[in-house]
Amino acid sequence: MVVRELKDWYPQYNKPLLISGPCSVETEEQLRNSVLPIIDKVDFVRGGIWKPRTRPGNFEGHGERALQWVQALRKETPFKFAMEVATPEHVELAHQYEVDLVWIGARTTVNPFNVAELAESFKGSELPVFIKNPIHAELSLWKGALERFSKAGVSKLGAIHRGFHSYQKNKYRNVPMWQIPLDLKSEFPELPLLCDPSHIAGDRGLVAEIAQRALDLNYDGLMIESHCKPDAAWSDAAQQIATANLPDLINGLLLRDDVFTKENIINQLELIREQIDQADRELLEALNLRMNLVEKIGEFKKENNVAIFQLSRWKEIFQSRQEWADQLNLDRQFVVEVLRLLHQQSVKTQTEVFNKKEQNLNLPND
Ligand SMILES: O=C(O)C(=O)C[C@]1(C(=O)O)C=C[C@@H](O)C=C1
């Protein structure tokens, strides 16, 4: 997949790229009051034209009528406009109304049929397209959508992390699972990655801290929902911040450098990284030793016809290592995950020992 850096196709890019505006375009007046005060603070104004709603009966967006309001306001005061598209008809209207950036919503990204059809409708287009993560935590679906758009010739491509649905109650509306977007960025370092703290939070009180977290992780930009009267919003009222509060939120964010630049800090960093290298080497040697011992026990078990899984020993290990973790001030959950992985690997290794055919038996056709 060919990806281009933001700066490549958006030369005025000054980190972080900022997209803000209301969840939905509701009325001409709401649009004007939500947009005009933020024009010089953001790169793109966002506004929902069609809203995919979980249940029928909720406001589903005004469609083309809202685009006409956007067009009229832009004639008066120019600004770059971004919106979600979910069908080829939306894409056609995006071109017709000279929208500057579009994104593909989480509910669309999950469906390869929709993605393929949408990507096709971008053939020959110069529009930048950002793909939101699929609603459930599956990196390959997210990558698949990006690849389909790339294959269709969309080169101004980016990703938006908006968190993942969880059936369990959580502090956040959508669980961030930061590792997934970081895995995406590791694979495609040039791919512009934005965070949508509003959809992760589901609550305007959490938006600033999530936005900061994203910048701490070196995201390229943010998409934040803002509304002139958020409590009266027709959709996602709880997560939209007041237009009047957007400047303070933006000014309060700390930008981190990409890499260390100061000489003395680089020296200190290098010293610590050498120690980490050493610690990792010892960790791997300890793992190697453990796996050799596990293999040895596997051979004993095979010789003596004893089962691989030893519940009472495993329970004892599981318990005692958590106590050790407490003594060492290590996070218990982290240690539990490592133990589970270790045990899984032991069982796999001993299964291989059990299945190993004896050498030199020379059984025919075996
Ligand atoms: O103690 C054993 O019987 C082992 O084989 C080792 C080990 C482990 O990984 O520690 C592996 C499998 C058993 O279920 C319990 C423990």
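Both ligands and their constituent atoms are indexed starting at 1 by order of listing.
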Option among Val129, Leu146, Asn114 that satisfies the side-chain contact (heavy atoms from CB on, under 4.5 Å) test with Ile104: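 Passing option: Val129.
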query: Relative to the ring of Trp314, is the ring of His343 parallel (under 30°), tilted (30 to 60°) or perpendicular (over 60°)?
result: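 Geometry flag for Trp314 against His343: parallel rings.
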query: Taking the six-membered ring for Trp, are Phe79 and Phe81 parallel (under 30°), tilted (30 to 60°) or perpendicular (over 60°)?
result: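 The rings of Phe79 and Phe81 stand perpendicular, inter-plane angle above 60°.
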query: Can you list the residues that meet the side-chain contact (heavy atoms from CB on, under 4.5 Å) rule with Ala145, with sequence neighbours excluded?
result: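 Only Thr109, Val115, Ile131 meet the side-chain contact (heavy atoms from CB on, under 4.5 Å) criterion with Ala145.
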With a 4.0 Å cut-off on heavy atoms, does [X] reach ligand 1?
X: Val347; value: no
X: Leu342; value: no
X: Ile308; value: yes
X: Gln345; value: no

Centroid separation Phe44 to Tyr10 less than 6.0 Å: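 Yes - the distance between ring centres of Phe44 and Tyr10 falls below the 6.0 Å cut-off.
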query: Between Arg173 and Glu225, is there a salt bridge with N-O shorter than 4.0 Å?
result: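 Looking at Glu225 and Arg173, the cut-off is not met.
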message: Salt bridge or not between Lys80 and Asp43? Use side-chain N to carboxylate O under 4.0 Å.
response: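 Answer for the salt bridge query: no.
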Taking [atom] as the reference point, the nearest protein heavy atom with its distance:
atom: atom 1 (O) of ligand 1; result: Arg313 CG, 3.4 Å
atom: atom 11 (C) of ligand 1; result: Ser346 CB, 3.6 Å
atom: atom 10 (O) of ligand 1; result: Arg290 NH2, 2.7 Å

query: Shortest non-hydrogen contact from Trp234 to Glu26?
result: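 Looking at all heavy atoms of both residues, the shortest contact is N-OE2, 2.8 Å.
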Run the numbers for me: atoms of ligand 1, each under 4.0 Å from some heavy atom of [X], listed by number.
X: Ile317; value: 10 (O)
X: Gln350; value: 4 (C), 5 (O)
X: Phe309; value: 14 (O)

Option with minimal heavy-atom separation from atom 4 (C) of ligand 1, where the choices are Gln310, Lys301, His343: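 Nearest option to atom 4 (C) of ligand 1, by heavy atoms: Lys301.
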